[in-house]
Amino acid sequence: MNAHIEATEHPQHHIVPVRVYLVVFFLLMLGTALTVAAAFQDLDVRVGGLTIPLNTPIAMAIAGGKAILVVLYFMHVKYSQRLVWVWIIGGLIWLGIMIAVTYADYWSRNW
Amino acid sequence: LSEQSPTSTALAHQFDDLHQQKEASTLGMWLFLVTEIMFFGGMFTGYVVYRNKYYDAFVAGSHANDIVWGATNTVVLIWSSLTMALAVHAAQLGKRKALVICLALTILFGSVFLGIKGIEYHHKFVENHVPGPSFEFHSEPGKPAVNPANVQLFYSFYFAMTGMHAVHMVVGIGILSLLVWMAWRNRFSPEYYAPVEMTGLYWHFVDVVWIFLFALLYLIGRHG
């Protein structure tokens with residue numbers, strides 16, 4: 001909140017404190033260590049006869065979390081105008097459509 | 001020309017003020033980065049489709065990648081993102097010396113990344129894991145046998161995706177070199193540092209792409 005008020009008062013140069021960059025850097029390193037460690041564990045969940053593979057979703061979730069940290073803090077999107085948010089979310093929606101529709105096509109070919 | 005102070009030339013005449021000018025640069029840069037999301041997104045889409053079609057072959061292929069080099073490069077790139085962020089910070093405060101040092105460090109980490117990538121590519125050539133007529137792949141003993149043609153497809157994605165990523169790194173290092181020269185010549189000020197900030201956006205974006213490449217090309221199916 002405080003940061004938002006600062007950003008409004010001095011919009012042309014909101015200066016992110018170095019301490020924030022260092023915390024984000026530490027979290028990114030932690031995420032990297034975590035994702036490598038998780039990759040060697042069998043994280044499949046077995047419910048009855050059904051196996052739910054969780055390794056890939058967990059790896060992608062950690063990667064997504066790291067990406068969000070980089071985008072929000074290193075790329076200053078947290079302090080940017082809302083129009084930047086709209087463009088990024090718009091881009092991600094189109095990426096989602098591309099993957100979902102392409103995959104739906106290949107997946108349903110044998111039906 | 002170099003006698004002019006940066007402040008007097010900071011505001012281009014088509015903008016009302018520095019704030020509007022900065023918002024325009026930021027939006028323009030993000031428009032470009034959204035096209036980059038779609039560019040890399042096309043390769044990610046292809047990867048997702050074929051990974052699910054030839055799951056075992058993609059697992060075998062990513063097993064043959066060296067996770068130590070991959071993780072090291074991830075760490076190197078996170079360091080480079082930190083120094084890039086600190087470069088923007090130095091530019092905002094008008095600290096010329098710190099700006100030059102941080103930009104130079106970013107170039108250094110970027111070069112280390114490319115060097116490690118070169119070592120990995122060399123291993124692929126030695127092991128005949130480069131797609132083409134000489135491609136060979138032998139399934140690991142004790143693992144399900146996989147069709148080498150499908151592993152070759154994995155390596156086509158590997159080289160296309162890491163190759164395009166490396167091209168972006170080379171471009172980034174070129175732009176950073178120009179920025180070092182400009183910063184050295186005192187071309188930036190707390191009022192005008194848009195080139196540093198926009199290059200930062202580009203550099204961090206390339207870092208984000210690598211975060212996903214590392215997960216998809218090195219980590220997948222590592223267990224068991």
Side-chain angles (χ1 to χ4, degrees), chain A residues 10-18 20-22 24-25 28-29 31-33 35-36 38-44 53 55-56 59-68 70-71 73-77 80-81 83-85 87-88 90-92 94-96 98-103 105-107, chain B residues 17-23 26-27 29-31 33-38 40-42 44-46 48-53 67 70-71 74-75 78-79 81-82 84-86 88-89 92-93 190-191 193 197 200-201 203-205 207-209 211-212 214-216 218-224:
Chain A
H10 304 284
Q12 66 269 45
H13 38 191
H14 173 75
I15 296 170
V16 182
V18 170
V20 172
Y21 289 138
L22 293 178
V24 170
F25 169 78
L28 290 172
M29 287 297 184
T32 305
T35 197
V36 170
F40 288 98
Q41 310 301 319
D42 187 352
L43 300 173
D44 291 355
N55 275 81
T56 305
M60 294 317 288
I62 295 174
K66 286 165 74 184
I68 288 170
V70 172
V71 169
Y73 294 98
F74 282 176
M75 298 173 88
H76 300 165
V77 166
S80 294
Q81 48 187 316
L83 202 47
V84 167
W85 289 68
W87 290 30
I88 296 169
L92 292 178
W94 281 106
L95 178 66
M98 178 162 68
I99 292 175
V101 175
T102 308
Y103 193 62
D105 176 25
Y106 278 89
W107 199 31
Chain B
D17 52 34
L18 287 169
H19 174 55
Q20 190 196 38
Q21 176 170 284
K22 199 197 162 200
E23 292 215 325
T26 307
L27 267 185
M29 194 63 203
W30 270 106
L31 176 61
L33 292 182
V34 166
T35 71
E36 289 274 80
I37 291 176
M38 297 312 280
F40 281 101
F44 279 109
T45 306
V48 168
V49 168
Y50 284 110
R51 175 175 175 267
N52 286 289
K53 203 171 168 66
I67 196 169
T74 307
V75 168
I78 293 171
W79 270 105
S81 261
L82 176 68
M84 186 70 238
L86 293 177
V88 174
H89 186 81
Q92 288 175 321
L93 297 177
E191 286 76 34
Y193 58 90
E197 176 139 36
L201 290 181
W203 192 264
H204 297 310
F205 172 81
D207 186 11
V208 168
V209 171
I211 287 172
F212 286 102
F214 176 58
L216 290 176
Y218 292 81
L219 298 179
I220 293 301
R222 184 64 59 171
H223 65 290

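Residue numbering restarts at 1 for every chain, and letters A, B, ... go by the order of the sequence lines.
Per-residue counts of heavy-atom pairs under 4.5 Å with chain A were compared for B:W203, B:F212, B:Y218, B:F44; the largest is that of B:F212. Here B:A85 is the residue among B:G41, B:G70, B:G42, B:A85 with the most heavy-atom pairs under 4.5 Å with chain A. Between chain B and the residues A:T56, A:L43, A:I62, the most heavy-atom pairs under 4.5 angstrom are made by A:T56.
Listed here is the closest heavy atom pair of A:M29 and B:V75: CE-CG1, 3.5 Å. When every heavy atom of B:V208 is checked against every heavy atom of A:A67, the shortest pair comes out as CG1-CB, 3.8 Å. Minimum interatomic distance between B:A215 and A:A59 (heavy atoms only, all atoms of both residues): CB-O, 4.4 Å. Closest non-hydrogen pair, A:V18 versus B:H89, comes out as CG2-NE2, 3.3 Å.
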Exercise. Could you check A:V77 against B:W30 for side-chain contact (heavy atoms from CB on, under 4.5 Å), going step by step and ending with a plain yes or no?
Key: CA-CA 10 Å; A:V77 166; B:W30 270 106; 3.4 Å; yes
Practice problem: Tell me, with the steps shown, if B:N52 and A:Y106 meet side-chain contact (heavy atoms from CB on, under 4.5 Å). | Solution: CA-CA 10 Å; B:N52 286 289; A:Y106 278 89; over 6 Å; no
Quiz item: Going through the distances and angles, do A:H76 and B:V88 end up as a side-chain contact (heavy atoms from CB on, under 4.5 Å)?
Solution: CA-CA 11 Å; A:H76 300 165; B:V88 174; 3.8 Å; yes
Quiz item: Is there a side-chain contact (heavy atoms from CB on, under 4.5 Å) between B:L216 and A:M60 once you walk through the steps?
Solution: CA-CA 8 Å; B:L216 290 176; A:M60 294 317 288; 3.7 Å; yes
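In this structure, the separation between CG on A:L28 and CG on B:D207 is 7.5 Å, given to the nearest 0.5 Å. Distance check, rounded to the nearest 0.5 Å: CG of A:L22 to CG of B:L82 gives 6.0 Å. Atoms OG1 and CD1, from A:T32 and B:I211 in turn, are 7.0 Å apart once rounded to the nearest 0.5 Å. If you take CH2 on A:W87 and CG on B:L27, they are separated by 5.0 Å, rounding to the nearest 0.5 Å. Atoms CG and CE, on A:L92 and B:M38 in that order, are 9.5 Å from each other to the nearest 0.5 Å. Interatomic distance, CD1 of B:I37 versus CH2 of A:W94, reported as 14.0 Å (0.5 Å rounding).
Only the side chain of B:Y50 comes within less than 4.5 Å of a heavy atom of chain A; its backbone N, CA, C and O stay farther away. Using a 4.5 Å cut-off between heavy atoms, A:F74 touches chain B through backbone and side chain atoms alike. Looking at B:T74, only its side chain comes within 4.5 Å of chain A, counting heavy atoms on both sides. For a residue to count as touching a neighbouring chain, one of its non-hydrogen atoms must lie under 4.5 Å from one of that chain's; by this rule A:D105 does not touch chain B. Interface remark: A:V70 contributes side-chain atoms only to the contact with chain B (heavy atom separation under 4.5 Å). B:I78 touches chain A through backbone and side chain together, each having a heavy atom under 4.5 Å away.
For CH2 of A:W85, the number of neighbouring non-hydrogen atoms (other residues, nucleotides, ligands) closer than 6.0 Å is greater than 12.
Side chains of B:E23 and A:L83 form no contact here, defined as non-hydrogen atoms less than 4.5 Å apart.
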